[in-house]
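Accompanying notes for the structure given below.
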Amino acid sequence: MTSLITHPMPVEGTDEKVHVTYELLLTNGTGVPFRLDALEVADAQTHETLLIEDEERLPQTVTRVGASAGGVPGSGSVVIGPAETWIAWLDVQLDPDAEVPTALEHHAQGAVVPPEGEPRDFDVMIGTTPIEPGPAPEVGVPVGDGIWLMSEGCCRDDTHHRRGFAPVNGQALVPQRFAIDYYLLDEEHRTWEGDPSQLESYFTYRQPVLAAAAGTVVRALDGIPNTTSLPEPPPIPPIEETVGNHVIVEIAPGLYALYGHMDPGSVRVEVGDRVEMGQELGLIGSSGNSTTPHLHFHLQTAETFFPSDGVPYVFDEFELLGWVPERIWDDDLGLQPTGVLPFEEFEPSVRRAELPLDRTVIRVDRSE
C-alpha cells in the first residue's frame, strides 16, 4: 500500500536540473515481510523511466518511519516487515528543456518472504501521483547584500530540512522540504571571527531579515532568548519554540513565508500588518533550535510551522559563486577549528528564477 505526503511540483535548481522532490510512503499491510530490491519512477503517460533507486542506494533512500531518516550505511535490499511503514525520499531530476510529466508512476521490484519456503519474486506498479503544473512561486532573497551560504537545503542529500518528517495531529508532513539556512560569509569565506562562544563573533548575527514577497503578517512571535550554549548545540526546545522568534506572512491564498530564529526584541511587525517585498521584518538571531546565528526561510501551506507542508520556490535573481563541498552537519559552525569554510569556486554567473541547492554559496547585490 502506498500514499503520498505532498503534491509534487517541479522547481529548477542551480545544478541546471528541474527537480520533482517528494516522498512515497510504503506500508506493508500483510503478515509477511516484503524485500524491496528496487524502486522505479516513470512518466505515467510514456512509461519512460526517470529514476531508479536500486540496491546501491536503497538503504539511504528508503527508511523506516521512526528510524534515522538518513538510513543506514552500505548497500543492499531493505525488508519491510509486517505492519511497517517506510518512506522513500525521492528526487526526480529532469533536463530544463524536457517536458515535465503530468503524473508519475512507481514500480517496486523484490520478493515476498514467507516464513517457510522460497521467496516469491514480484515486479508491480504500486501507484501514481499527479504533478502540480507549476511554475514554482518566485520570491526575493530574504537577506541583505553580501555573500551567503545556502545550507541544509534541497534536494537529494540527507539534510535535517529535506528529511524533516513531522507527523503532527495525525498528519504526516515535511514542512522544511525546501527550507534554507542563511549564513553570511566574508570575502575569505569565514562565518565567524574571534571567540565562537559569542554571538557577536558570527557575521550573520543581527543582519536584517527582509520580506521575500508582499503579504499580510499572520504570526509574529518575539521574546524567546538566543541560545546560551555556543559553540555547542542548544538543548532541543519545546516544539512551539523550534523556529524561535519568527514571522509568518501570507503571500498568496494558502501560501505562507516563514522567517525563523530572529534576535529577541528585533521583530518589527505585528499580526495584521501589510508588508512589502524587501521590507525589514527583524534581525537575525539564534533563538529556538539554532546552533549558531542564521535565518531559516521556507514557504509552506499553513500559517503555523507545525503542521504544514513545504512548497518549492525560486529566487528572482542572485549570483552563484560556488559551494561548500564538505557537509557540516546541522551547521555546527562554531565547532569548526576556524571560521573558514572549505570552498569550491564556480565560474560566477547570475541566476534567475532558480532555487539555490544545498551548500551553494551566492552573492546578493541590489545596488544595480
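From Glu138, atom CD reaches atom CD of Glu317 across 10.0 Å, with rounding to the nearest 0.5 Å. Between the CG atom of Leu333 and the CG atom of Leu341 there is a distance of 6.0 Å, given to the nearest 0.5 Å. In this structure, the separation between CH2 on Trp323 and OG1 on Thr360 is 10.0 Å, given to the nearest 0.5 Å. Rounded to the nearest 0.5 angstrom, Leu357 CG and Glu16 CD are separated by 11.0 Å. Rounded to the nearest 0.5 Å, atoms CD (Glu84) and OG1 (Thr30) are 10.5 Å apart. Between the CG atom of Leu258 and the OG1 atom of Thr304 there is a distance of 9.5 Å, given to the nearest 0.5 Å.
Distance alone, capped at 3.5 Å, is enough to place a donor-acceptor pair between the Asp43 side chain and the Thr46 backbone. Checking side-chain atoms of Asp358 against main-chain N and O of Gly153 turns up a donor-acceptor pair under 3.5 Å. A distance-only check finds a donor-acceptor pair linking the side chain of Arg177 to the backbone of Gly310 [under 3.5 Å]. Distance alone, capped at 3.5 Å, places no donor-acceptor pair between the Glu241 side chain and the Asn289 backbone. A donor-acceptor pair under 3.5 Å is formed between the side chain of Thr2 and the backbone N or O of Ile126. Counting only distance, with no hydrogens or angles, the side chain of Gln171 and the backbone of Pro167 share no donor-acceptor pair below 3.5 Å.
Qualifying salt bridge (Lys or Arg N to Asp or Glu O under 4.0 Å) partners for Glu193, counting only residues two or more places apart in sequence or in other chains: Arg190. Evaluation of the ring-ring contact (aromatic ring centres under 6.0 Å, His included) rule for Tyr313 yields Phe297, Phe315 as partners, not counting sequence neighbours. Qualifying ring-ring contact (aromatic ring centres under 6.0 Å, His included) partners for His246, counting only residues two or more places apart in sequence or in other chains: none. With sequence neighbours left out, the side-chain contact (heavy atoms from CB on, under 4.5 Å) criterion links Pro342 to Val324, Pro325, Glu326. The side-chain contact (heavy atoms from CB on, under 4.5 Å) test applied to Arg363 returns Ile147, Glu187, Glu319, Leu321, not counting sequence neighbours. Applying the salt bridge (Lys or Arg N to Asp or Glu O under 4.0 Å) rule to Glu55 yields no partners; only residues at least two apart in sequence or on another chain are considered. Taking the ring-ring contact (aromatic ring centres under 6.0 Å, His included) definition, one finds that Phe34 meets it with Phe122, sequence neighbours left out.
Side chains of Val32 and Pro115 form a contact here, defined as non-hydrogen atoms less than 4.5 Å apart. The shortest distance between side-chain heavy atoms of Tyr205 and Ser286 does not fall below 4.5 Å. At least one side-chain heavy atom of Pro10 sits less than 4.5 Å from a side-chain heavy atom of Ile131. Considering only heavy atoms from C-beta on, Val143 stays 4.5 Å or farther from Leu184 through its side chain. Side chains of Leu221 and Met262 form no contact here, defined as non-hydrogen atoms less than 4.5 Å apart. Thr292 is not listed as a side-chain neighbour of Thr191, based on a closest heavy-atom distance of 4.5 Å or more. The closest side-chain heavy-atom distance from Asp181 to His160 is below 4.5 Å. Side-chain contact between Pro137 and Val314: absent, with no pair of heavy atoms (C-beta onward) separated by less than 4.5 Å.
Linking Ile, Leu, Val, Met, Phe, Trp and Tyr residues whenever their side-chain heavy atoms come within less than 4.5 Å leaves Leu26 and Val113 in two separate clusters. Note: the hydrophobic cluster containing Val41 also contains Val78 (ILVMFWY, side chain heavy atoms under 4.5 Å, direct or indirect links). In this structure, Val311 is not a member of the same hydrophobic cluster as Val100, with clusters built from ILVMFWY side-chain heavy atoms closer than 4.5 Å. Using a 4.5 Å cut-off between side-chain heavy atoms of Ile, Leu, Val, Met, Phe, Trp and Tyr, with links allowed through other members, Leu94 and Met9 fall into different hydrophobic clusters.
Of the N and O atoms on the side chains of Asn226 and Asp263, at least one donor lies less than 3.5 Å from an acceptor on the other residue. In this structure, a donor-acceptor pair under 3.5 Å is present between the side chains of Asp37 and Ser77. Between the side chains of Asp309 and Thr6, at least one donor-acceptor pair of N or O atoms lies under 3.5 Å. A donor atom on one side chain and an acceptor atom on the other are not found under 3.5 Å apart for His296 and His294. A donor and an acceptor atom, one from each side chain of Thr216 and Glu250, are nowhere located under 3.5 Å apart.
The salt bridge (Lys or Arg N to Asp or Glu O under 4.0 Å) test with Asp157 is passed by exactly one of Arg57, Arg162, Arg359: Arg359. Between Val243 and the choices Phe305, Phe306, Tyr259, the side-chain contact (heavy atoms from CB on, under 4.5 Å) rule is met once, by Phe305. Put simply, the residue from Leu51, Val20, Leu90, Leu24 that forms a side-chain contact (heavy atoms from CB on, under 4.5 Å) with Leu104 is Val20.
Within 6.0 Å of atom CD in Glu240, more than 12 heavy atoms from other residues, nucleotides or ligands are found, so the atom counts as buried in its surroundings.
Here side chain to side chain donor-acceptor pair (under 3.5 Å) pairs that include residues 94-105, with residues two or more places apart or in two chains, are Lys17-Asp95, His47-Glu105, Glu105-His107. Counting only residues at least two apart or on different chains, the side chain to side chain donor-acceptor pair (under 3.5 Å) pairs with a member in residues 111-127 are Gln109-Asp123. The list of side chain to side chain donor-acceptor pair (under 3.5 Å) pairs with a residue in residues 269-283, not counting sequence neighbours, reads Arg268-Glu280. Listed by first and then second residue, the ring pair (Phe, Tyr, Trp, His ring centres under 6.0 Å) pairs that reach into residues 12-31 are Tyr22-His106, sequence neighbours excluded.
With a 4.5 Å cut-off between side-chain heavy atoms of Ile, Leu, Val, Met, Phe, Trp and Tyr, the cluster of Trp89 takes in Ile5, Leu25, Val65, Ile87, Phe165, Val174.
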Query raised in the report: Should Glu152 and His161 be marked as a side-chain hydrogen bond (donor to acceptor under 3.5 Å, both in side chains) after you check the CA-CA gap, both sets of side-chain angles, and the distance that decides it?
Result: CA-CA 6 Å; Glu152 295 290 310; His161 287 159; 5.5 Å; no
**Report entry** Worked check of side-chain hydrogen bond (donor to acceptor under 3.5 Å, both in side chains) between Ser367 and Asp365
**Finding:** CA-CA 6 Å; Ser367 61; Asp365 185 356; 2.6 Å; yes
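Listed here is the closest heavy atom pair of Arg35 and Pro119: NH1-CB, 4.2 Å. For the pair Ile251 and Ala213, the tightest heavy-atom approach, listed with the atom from each and the gap, is CG2-CB, 3.9 Å. For the residue pair Gly223 and Asn245, the shortest heavy atom distance occurs at N-OD1, 3.0 Å. Minimum interatomic distance between Gln300 and Ser308 (heavy atoms only, all atoms of both residues): OE1-OG, 3.4 Å. Minimum interatomic distance between Asp195 and Ser197 (heavy atoms only, all atoms of both residues): OD1-OG, 2.8 Å. The two residues Trp86 and Val79 come nearest to each other via the heavy atoms CZ2-O, 3.2 Å.
Classification of the Tyr182-Trp148 ring pair by plane angle, with boundaries at 30° and 60°, yields perpendicular.
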